[in-house]
Amino acid sequence: MTTTELPDGISDFEVLLVSGMSGAGRSSAARALEDLGWFVIDNLPPKMLAPTLDLLAARSDVDRVAVVVDVRGGRLFDQLEAATGEVVARGVDVKVLFLESSDEVLVRRFESNRRPHPLQGKGRLLEGIHRERDLLGNVRSNADLVIDTSHRSIHELRRAIAAAFESGEPVRLRATVMSFGFKYGIPLDADFVADVRFLPNPFWIPELRDLRGLDAAVNDYVIAQDGAAEFLTAYARVIELATEGYLREGKRFATIAVGCTGGKHRSVAMSENLASRLVHVGVEASVVHRDLGRE
């Protein structure tokens with residue numbers, strides 16, 4: 001059997017390619033997947049993907065394989081697209097997870113660990129980061145799920161991985177609804193961005209200023225405003241309509257970012273309510289409040 005002749009039953013494999021920026025959490029994601037029962041292979045040369053699946057097909061205890069691929073492979077990384085296309089053509093379900101993080105956070109992580117960037121060479125750390133970001137552009141744009149770890153702890157990343165890739169019955173779409181503050185920047189991994197700054201800000205209500213969008217008083221105030229309920233209904237409908245197209249394109253995960261000024265009141269309340277509405281239309285939704293703890 002040649003390496004391009006995949007054995008019977010190989011189409012039963014579920015393959016996840018884990019890629020992303022160095023320092024963005026690939027290793028943590030790999031460990032989380034391993035804990036979920038995935039067979040994890042780190043830094044596999046892309047051209048070895050088909051032969052590796054060939055070998056694993058003989059094992060009855062492996063049907064979910066996560067392969068960490070990154071720019072450490074040098075020229076071998078250029079073979080990723082062809083190698084992926086080879087196994088997809090033979091019926092293998094291949095998804096891509098991309099770990100993202102901002103330049104500022106990556107610089108801080110590398111400096112705190114006193115490690116050079118793998119593409120830094122004799123240049124500056126930031127030059128290596130920019131070079132890697134350019135090389136990974138196509139991988140990121142074609143990823144099924146992008147997770148921005150800039151403001152996530154390891155535990156939050158593990159929860160996101162578990163929500164997306166734990167075993168169980170398939171759902172129509174898995175969505176993360178993320179509240180955020182525009183003054184801290186739009187989430188890098190957002191597929192949709194909703195701006196709820198058109199609603200009156202509870203910050204200017206003395207008795208609500210020190211509360212959060214999770215508090216009933218703030219939630220009731222936000223939802224009672226003109227246009228709030230209508231906005232939630234319309235936006236949930238937009239996501240419902242996009243779901244069918246996403247599934248046709250093989251995309252099963254989406255991040256919906258809901259922003260207000262500081263990410264403390266309006267966006268938090270609206271995110272919680274939007275997630276509830278999405279559940280009612282068949283979307284499995286979880287909520288993350290990115291900037292809730294900021295002052």
Side-chain angles (χ1 to χ4, degrees), residues 24-25 28 32 100-102 104-105 108 145-164 173-240 253-281 283-295:
S28 296
E100 173 70 279
S101 198
S102 68
E104 178 185 0
V105 170
R108 186 165 64 247
L145 176 62
V146 178
I147 297 180
D148 178 13
T149 66
S150 300
H151 304 287
R152 294 180 191 260
S153 68
I154 292 178
H155 300 296
E156 289 169 334
L157 173 58
R158 291 180 67 89
R159 285 196 292 270
I161 295 294
L173 181 72
R174 292 182 178 181
T176 298
V177 183
M178 178 183 296
S179 70
F180 73 97
F182 275 97
K183 69 179 182 179
Y184 302 116
I186 297 174
L188 294 174
D189 52 348
D191 296 295
F192 295 86
V193 178
D195 185 350
V196 296
R197 290 176 294 183
F198 70 92
L199 298 171
N201 193 346
F203 179 83
W204 302 113
I205 309 297
E207 58 269 30
L208 301 179
R209 177 174 301 176
D210 295 329
L211 299 178
R212 304 288 188 270
L214 295 174
D215 293 308
V218 175
N219 179 79
D220 293 346
Y221 174 84
V222 171
I223 300 303
Q225 301 305 310
D226 290 341
E230 293 82 357
F231 181 88
L232 288 169
T233 298
Y235 214 81
R237 178 57 178 160
V238 168
I239 304 302
E240 183 181 14
F253 316 102
T255 297
I256 305 160
V258 180
C260 61
T261 302
K264 177 180 176 181
H265 296 108
R266 292 167 291 180
S267 63
V268 173
M270 293 292 277
S271 292
E272 292 286 341
N273 284 273
L274 178 59
S276 296
R277 290 174 184 248
L278 292 178
V279 170
H280 289 303
V281 297
V283 176
E284 183 175 310
S286 59
V287 186
V288 173
H289 301 299
R290 192 192 74 175
D291 300 324
L292 187 58
R294 291 178 184 261
E295 294 298 332

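Between Leu199 and Met270 the shortest side-chain heavy-atom distance falls below 4.5 Å. With a 4.5 Å cut-off on side-chain heavy atoms, Glu100 and Thr149 do not count as touching. Contact check for His151 versus Met178: no side-chain heavy atoms found under the 4.5 Å cut-off. Side-chain contact check for Val268 versus Val287: every heavy-atom pair is 4.5 Å or farther apart. When side chains are defined from C-beta on, Phe192 does not count as touching Val258, because their heavy atoms never get closer than 4.5 Å.
Distance check, rounded to the nearest 0.5 Å: CG of Leu292 to CG of Leu214 gives 5.5 Å. One finds the CZ atom of Arg277 at 4.0 Å from the OG1 atom of Thr233 (value rounded to the nearest 0.5 Å). Interatomic distance, Tyr235 OH to Leu278 CG, rounded to the nearest 0.5 Å: 10.0 Å. Remark: Ile154 CD1 to Arg159 CZ distance equals 12.0 Å, nearest 0.5 Å. Remark: Arg266 CZ to Ile223 CD1 distance equals 12.5 Å, nearest 0.5 Å.
In this structure a side-chain-to-backbone donor-acceptor pair under 3.5 Å is present from Glu156 to Ser153. With hydrogens and angles disregarded, a donor-acceptor distance shorter than 3.5 Å links the side chain of Arg174 to the backbone of Ala163. Asp189 places a side-chain N or O within 3.5 Å of a backbone atom of Asp148 that can act as its donor or acceptor partner. Using a distance-only test at 3.5 Å, with no hydrogens or angles considered, no donor-acceptor pair links the side chain of Ser271 to the main chain of Val177. A donor-acceptor pair under 3.5 Å is formed between the side chain of Arg209 and the backbone N or O of Phe203.
Here the rule is side chain to side chain contact (heavy atoms under 4.5 Å, CB included) with Pro202, and of Asp215, Val218, Leu211 only Val218 fits it.
Across Ser179 and His289, no two heavy atoms sit closer than the pair OG-ND1, 2.8 Å. Heavy atoms only, all atoms of each residue included: Val105 and Ser150 are closest at CG2-O, 3.9 Å. Residues Ala254 and Asp191 share a closest heavy-atom pair of CA-OD2, 3.3 Å. Shown here for Arg152 and Ala160, the closest heavy-atom pair between the two residues is NH1-CB, 3.8 Å. In plain terms, the two heavy atoms of Gly213 and Asn219 that are nearest each other are O-CB, 4.0 Å. In terms of heavy atoms, Gly185 sits closest to Arg290 at O-NH2, 2.6 Å.
Between Phe231 and Phe198, the ring planes lie tilted relative to each other; the angle falls in the 30° to 60° range.
For the residue pair Thr176 / Thr255, no side-chain donor-acceptor distance below 3.5 Å is found, with atom types taken as modelled. Side-chain contact annotation: Arg197 with Ser267, donor-acceptor N/O pair under 3.5 Å absent.
More than 12 non-hydrogen atoms from other residues, nucleotides or ligands lie less than 6.0 angstrom from CD1 of Ile205.
Remark: aromatic rings of Phe182 and Phe180 are close, center separation under 6.0 Å.
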